[in-house]
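Inspection log for the structure reproduced underneath, given as structure tokens.
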Amino acid sequence: ATLTRKADVSAILAAFGGSVFGDPIEWYVLPSGLGYIRVSSFSQEVSQAGERFSEALRELTDAGVPGIVLDLRDNSGGLVELAMDMAGHFAANYERLSELYYADRSGDFAHRGFIEVLLSEPAYDGPLAVLVNEMTGSAGDLFVYALQHEGRALIVGETPSGGFTGEVGDGQYLLPGGLQMQIPTGRVTDPVSGAVLIEGTGVLPDVRVPRTWESVVSPQDEVLQAAEAALLGEQ
């Protein structure tokens, strides 16, 4: 067989959260009356994206929606600072996760800092569901974990989140022939137990939607429908 390589624009956009050229945040009121916010990437300028997210929350709460669905499907991450700032709009309590990085000299992992969820304004304490899939990863993984860990949100999806939270900032390598490689050199852990979080497992949905042939070819968004039913008390 002869294989021909060509650029797949849709795949490239999906890998970058689907928002290379567009607004990463969109919102509206669903026919069910619930609010809907899609965050397709955390790879945007922090203050601008943060302001857009705050605007979305204000508009939906002013509209009196009985709950909000956050859609993080295909959000493959970006800036952790931005993700934690957005999570802070929903968090009930301050939360902190540890960052450990591999140290060449000791051959072990050393503490470098914390990932912190700080409370943000405007605050929203109403019913909340977060949609995930296997491409919800990195900063997206952390966002989802923070809200589920505090019992703040109902996680809905056909699969767990991606489970790729390893920090690659220190793992960039230039190879012969102009090739580049990156590997994770940092990991996120629980500050009390020291357990590695999320990596390889992802965040498990509270509401697991079966993925079937019928659901794949269906024009209906069954994951969104399951989240709406859960928030409205229909299941």
Side-chain angles (χ1 to χ4, degrees), residues 17-19 22-42 44 46 48-95 117-133 135-137 139-161 203-209 220-235:
S19 61
D23 191 337
I25 301 170
E26 59 177 302
W27 67 92
Y28 47 84
V29 177
L30 294 164
S32 64
L34 294 168
Y36 173 91
I37 305 177
R38 174 166 176 77
V39 183
S40 59
S41 174
F42 294 117
Q44 304 293 318
V46 174
Q48 182 180 7
E51 289 171 2
R52 290 281 288 164
F53 194 77
S54 296
E55 180 184 355
L57 273 180
R58 288 192 182 95
E59 286 195 8
L60 292 177
T61 52
D62 288 348
V65 297
I68 291 178
V69 177
L70 289 177
D71 193 345
L72 263 71
R73 289 174 292 182
D74 296 324
N75 184 328
S76 56
L79 301 174
V80 174
E81 177 185 359
L82 176 57
M84 296 300 96
D85 176 70
M86 290 184 181
H89 290 282
F90 310 100
N93 301 293
Y94 165 80
E95 189 171 358
V117 180
L118 303 177
L119 304 185
S120 305
E121 293 293 336
Y124 177 77
D125 60 1
L128 182 67
V130 181
L131 311 186
V132 302
N133 64 6
M135 284 303 296
T136 306
D141 267 320
L142 292 169
F143 179 98
V144 177
Y145 174 84
L147 295 183
Q148 186 190 57
H149 182 249
E150 286 294 310
R152 182 60 192 87
L154 193 68
I155 311 304
V156 184
E158 295 176 327
T159 69
S161 64
V203 180
L204 301 180
D206 300 301
V207 177
R208 187 76 174 259
V209 180
Q220 303 298 319
D221 188 340
E222 296 187 6
V223 175
L224 175 59
Q225 290 175 342
E228 290 180 277
L231 288 184
L232 294 172
E234 296 174 6
Q235 68 175 34

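Taken from CE in Met86 to CG in Leu57, the straight-line distance is 9.5 Å, to the nearest 0.5 Å. Rounded to the nearest 0.5 angstrom, Ile155 CD1 and Arg208 CZ are separated by 13.5 Å. In this structure, the separation between OG on Ser41 and CG on Leu82 is 8.5 Å, given to the nearest 0.5 Å. From Trp27, atom CH2 reaches atom CZ of Arg52 across 3.5 Å, with rounding to the nearest 0.5 Å. Rounding to the nearest 0.5 angstrom, the gap separating the OG1 atom in Thr61 from the CD1 atom in Ile68 is 7.0 Å. Taken from CG in Leu232 to CG in Leu34, the straight-line distance is 4.5 Å, to the nearest 0.5 Å.
Checked by atom type and distance alone, the side chain of Arg38 never pairs as donor or acceptor with a backbone atom of Ile25 at under 3.5 Å. Under a 3.5 Å cut-off, the side chain of Asn133 and the backbone N or O of Asp74 do form a donor-acceptor pair. Distance alone, capped at 3.5 Å, is enough to place a donor-acceptor pair between the His89 side chain and the Pro122 backbone. Judged purely by atom type and a 3.5 angstrom limit, Thr136 uses its side chain to pair as donor or acceptor with the backbone of Leu72. At least one donor-acceptor pair under 3.5 Å links the side chain of Arg152 to the backbone N or O of Phe90. Between the side chain of Gln148 and the backbone N or O of Leu204 there is at least one donor-acceptor pair closer than 3.5 Å. With Ser40 contributing its side chain and Asn75 its backbone, the two residues share no donor-acceptor pair below 3.5 Å.
Screening Leu60, Val69, Asp71 for a side chain to side chain contact (heavy atoms under 4.5 Å, CB included) with Ile37, the sole residue that qualifies is Leu60. With Leu224 as reference, Glu228 is the one residue of Glu228, Gln220, Glu222 to meet the side chain to side chain contact (heavy atoms under 4.5 Å, CB included) rule.
Scanning both residues, Leu119 and Ala91, for their nearest heavy atoms gives CD2-O, 3.5 Å. When all heavy atoms of Val156 and Ala226 are compared, the pair lying nearest together is CG1-CB, 4.1 Å. Heavy atoms only, all atoms of each residue included: Ala146 and Val117 are closest at CB-CG2, 4.0 Å. For Gly78 against Ala139, the heavy-atom pair with the smallest separation is N-CB, 3.8 Å. Taking both residues in full, the closest heavy atoms of Gly50 and Asp85 are given as CA-OD2, 4.3 Å, listed atom of the first, atom of the second, then distance. The heavy-atom pair separating Pro205 from Pro160 by the smallest distance is CD-CA, 3.8 Å.
Ion pairing between a basic and an acidic side chain is recognised when a charged N comes within 4.0 Å of a carboxylate O; Arg58 and Glu55 show no such pairing.
A 6.0 Å sphere centred on CG of Asp125 holds no more than 12 heavy atoms belonging to other residues, nucleotides or ligands.
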Val223 vs Glu158, test: side-chain contact (heavy atoms from CB on, under 4.5 Å). Steps then yes/no. CA-CA 7 Å; Val223 175; Glu158 295 176 327; 3.6 Å; yes
I would like to know whether Asp221 and Arg73 meet side-chain contact (heavy atoms from CB on, under 4.5 Å); could you show each step before the answer? CA-CA 12 Å; Asp221 188 340; Arg73 289 174 292 182; 2.8 Å; yes
Pair Phe143, Val132 - check side-chain contact (heavy atoms from CB on, under 4.5 Å), show working. CA-CA 11 Å; Phe143 179 98; Val132 302; over 6 Å; no
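When only modelled atom types and interatomic distance are considered, Asp141 and Ser161 share a side-chain donor-acceptor pair under 3.5 Å.
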